[in-house]
Number of protein chains: 2
Amino acid sequence: MKQKKTRRMTVQAEATLEELRKLKTHPTAEELHNILRKRLPKVSLGTVYRNLKMMVREGEALRLVQPDGEARFDGCVDVHYHIRCRSCGRLDDVEMKPLTRIEPRLQEQSGWLVEGHSLEFEGICPRCLSMGGVC
Amino acid sequence: MKQKKTRRMTVQAEATLEELRKLKTHPTAEELHNILRKRLPKVSLGTVYRNLKMMVREGEALRLVQPDGEARFDGCVDVHYHIRCRSCGRLDDVEMKPLTRIEPRLQEQSGWLVEGHSLEFEGICPRCLSMGGVC
DNA sequence: ATGTTTGCAAATCTTTTGCACACTT
DNA sequence: AAGTGTGCAAAAGATTTGCAAACAT
């Protein structure tokens with residue numbers, strides 16, 4: 001028979017989820033690691049990755065891939081959209097209510113079972129605009 | 001003064017663009033490399049990457065990042081959307097006309113200069129559906 | 001002739017994994 | 001006590017880069 005595979009609440013896992021939820025900057029694993037080190041000086045990057053992966057699997061966090069392939073993480077799992085700055089790379093949330101009609105419509109005419117969508121904008125952020133597009 | 005930096009049309013670059021445009025499967029660099037080898041047995045993966053990067057920079061191809069961070073390339077640069085199968089990973093084009101109203105609307109109320117968007121659906125493809133979700 | 005592109009291999013970068021030990025339950 | 005999570009370092013996978021030779025202009 002199978003093992004129980006019960007999930008344990010360690011200080012590392014707890015702190016990771018907590019800090020991620022606190023941040024609104026969609027940090028990379030490494031950025032989050034640096035922040036966590038202030039509380040837990042010996043926490044390893046590998047552990048951060050392991051816990052982030054668990055959190056994503058359990059639906060407690062989102063994993064967002066950047067154009068360069070690096071991942072950013074989001075502690076808010078409600079459906080929402082993002083916008084990325086082409087100049088400085090920052091990733092912000094967007095104030096826009098979720099599109100609810102497109103999924104059923106696509107499902108009808110496509111033959112796919114449509115289970116979700118992600119929408120990401122790109123452009124230049126206010127800060128970079130005020131600095132002439134370079135920041 | 002600056003160099004000219006003229007782009008040269010080598011057989012490798014030409015074949016890469018040609019094969020990519022022919023394919024509708026959004027291949028990875030490695031998949032494309034394998035296809036190219038049939039025509040150019042000694043073409044290197046590095047060269048494929050270099051040419052793909054140029055093509056993306058010049059607006060001749062799109063680079064699409066997958067959840068695992070690996071990139072897929074698309075020789076069609078018209079605005080269009082994709083859908084990814086959660087089961088087998090395939091990435092198809094979607095028949096849907098581009099959303100034209102969301103960008104200006106977002107720009108007005110956000111303070112960003114909005115220059116583009118990408119929309120990607122996910123679900124289960126017809127083939128996986130017919131095989132019980134596993135293919 | 002000049003300067004860009006190539007093939008090769010080594011280097012880089014992000015993420016994963018094996019292992020022995022610590023810790024949660 | 002049983003078995004999961006951790007830290008560390010090594011491994012893996014994708015992409016980039018340095019270099020000398022080949023090639024396009």
Side-chain angles (χ1 to χ4, degrees), chain A residues 1-20 26-58 60-74 89 91, chain B residues 1-20 26-58 60-74 89 91:
Chain A
M1 57 188 77
K2 299 271 194 254
Q3 333 284 3
K4 348 190 162 166
K5 200 71 177 179
T6 48
R7 188 151 166 223
R8 291 182 180 173
M9 200 35 80
T10 62
V11 284
Q12 292 91 335
E14 203 166 13
T16 303
L17 186 51
E18 198 178 306
E19 291 293 342
L20 182 58
H26 313 98
T28 63
E30 196 171 0
E31 286 167 357
L32 189 54
H33 180 224
N34 286 331
I35 288 163
L36 285 167
R37 279 214 265 208
K38 293 172 189 162
R39 287 170 61 170
L40 306 167
K42 2 187 11 178
V43 69
S44 74
L45 182 54
T47 293
V48 175
Y49 272 111
R50 267 185 295 236
N51 282 322
L52 283 170
K53 188 164 224 179
M54 262 187 200
M55 288 160 53
V56 170
R57 197 188 302 127
E58 305 285 322
E60 298 166 344
L62 296 179
R63 184 189 154 108
L64 315 164
V65 281
Q66 298 182 278
D68 69 353
E70 199 181 11
R72 291 187 169 278
F73 296 86
D74 190 338
L91 187 65
Chain B
M1 56 187 75
K2 299 271 195 251
Q3 331 283 4
K4 345 190 163 166
K5 201 67 177 180
T6 49
R7 187 147 167 228
R8 291 182 180 174
M9 201 35 81
T10 62
V11 285
Q12 292 91 334
E14 203 166 12
T16 302
L17 187 50
E18 201 177 304
E19 291 294 342
L20 182 58
H26 313 98
T28 64
E30 197 172 358
E31 287 166 357
L32 188 54
H33 179 224
N34 285 332
I35 288 163
L36 284 166
R37 278 215 265 209
K38 294 172 190 162
R39 286 171 61 171
L40 306 168
K42 1 187 12 178
V43 70
S44 75
L45 182 55
T47 293
V48 175
Y49 272 112
R50 266 186 296 236
N51 282 322
L52 283 170
K53 188 166 223 178
M54 264 187 199
M55 288 160 51
V56 170
R57 196 188 303 128
E58 306 284 322
E60 299 165 343
L62 297 178
R63 184 188 154 108
L64 314 165
V65 281
Q66 298 182 279
D68 68 354
E70 197 182 12
R72 291 188 170 276
F73 297 87
D74 190 337
L91 187 66

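Naming convention: chains lettered A, B, ... in sequence-line order (proteins, then strands); numbering from 1 in each chain.
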I need the [atom1]-[atom2] distance between [X] and [N], as an integer number of Å.
X	N	atom1	atom2	answer
Phe73(B)	dT15(D)	CZ	P	6 Å
Asn51(B)	dT15(D)	CG	P	15 Å
Arg72(B)	dT15(D)	CZ	P	11 Å
Leu52(B)	dT17(D)	CG	P	15 Å

Check your understanding: Of the residues in residues 8-16 of chain A, which ones touch DNA chain D at a heavy-atom distance under 4.0 Å?
Key ->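 Residues of residues 8-16 of chain A under 4.0 Å from DNA chain D: Arg8(A), Thr10(A), Gln12(A), Ala13(A).
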Review point. Residues from residues 28-49 of chain A sitting under 4.0 Å of DNA chain D, heavy atoms only?
Key: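 Here the set is Lys42(A), Val43(A), Ser44(A), Thr47(A).
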Check your understanding: Which residues satisfy the side-chain hydrogen bond (donor to acceptor under 3.5 Å, both in side chains) test with Arg7(A), sequence neighbours excluded?
Key -> Glu60(A)
Practice item. Kindly give the heavy-atom pair with the smallest separation between Leu40(B) and Ala15(B), and that separation in Å. Key: CD1-CB, 3.9 Å
Exercise for review: Examine dT15(C): is either OP1 or OP2 under 4.0 Å from a nitrogen or oxygen in the side chain of Lys53(A)? Give yes or no.
Suggested key: no
Check your understanding: Checking all strands, does Asp68(B) fall into the base, sugar-phosphate, or nothing category for heavy-atom contacts under 4.0 angstrom?
Key ->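 The answer is nothing, as Asp68(B) stays clear of every strand by at least 4.0 Å.
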Review point. Quick one: salt bridge (charged side-chain N to carboxylate O under 4.0 Å, His left out) partners of Glu70(A), sequence neighbours excluded?
Key: none
Review point. Arg39(B): what forms a salt bridge (charged side-chain N to carboxylate O under 4.0 Å, His left out) with it, not counting sequence neighbours?
Key: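 Arg39(B): salt bridge (charged side-chain N to carboxylate O under 4.0 Å, His left out) contacts with Glu18(B), Glu19(B).
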Point to revise | Pair of N/O donor and acceptor under 3.5 Å linking dG7(D) base with Arg50(A) side chain | key: yes
Review point. Can you find a heavy atom in the side chain of His33(B) that is under 4.5 Å from one in the side chain of Val43(B)?
Key: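 Yes, side chains in contact.
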Revision key, fill the gap. dist Leu32(A):CG -> Leu45(A):CG (nearest 0.5 Å) comes out at 9.5 Å
Review point. Is the count of non-hydrogen atoms from other residues, nucleotides or ligands lying under 6.0 Å from Glu30(A) atom CD greater than 12?
Key: no
Review point. Of Asp74(B), Leu20(B), Leu62(B), which meets side chain to side chain contact (heavy atoms under 4.5 Å, CB included) against His26(B)?
Key: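 One option only clears the test, and that one is Asp74(B).
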Point to revise | Of the listed nucleotides dT15(D), dC8(D), dT6(C), the one nearest the side chain of Arg63(B) | key: dT15(D)
Could you give the side-chain donor-acceptor pairs of residues 47-56 of chain B under 3.5 Å, partners two or more places apart or in another chain?
residue	atom	partner	partner atom	Å
Thr47(B)	OG1	Ser44(B)	OG	3.1
Asn51(B)	ND2	Thr47(B)	O	3.4

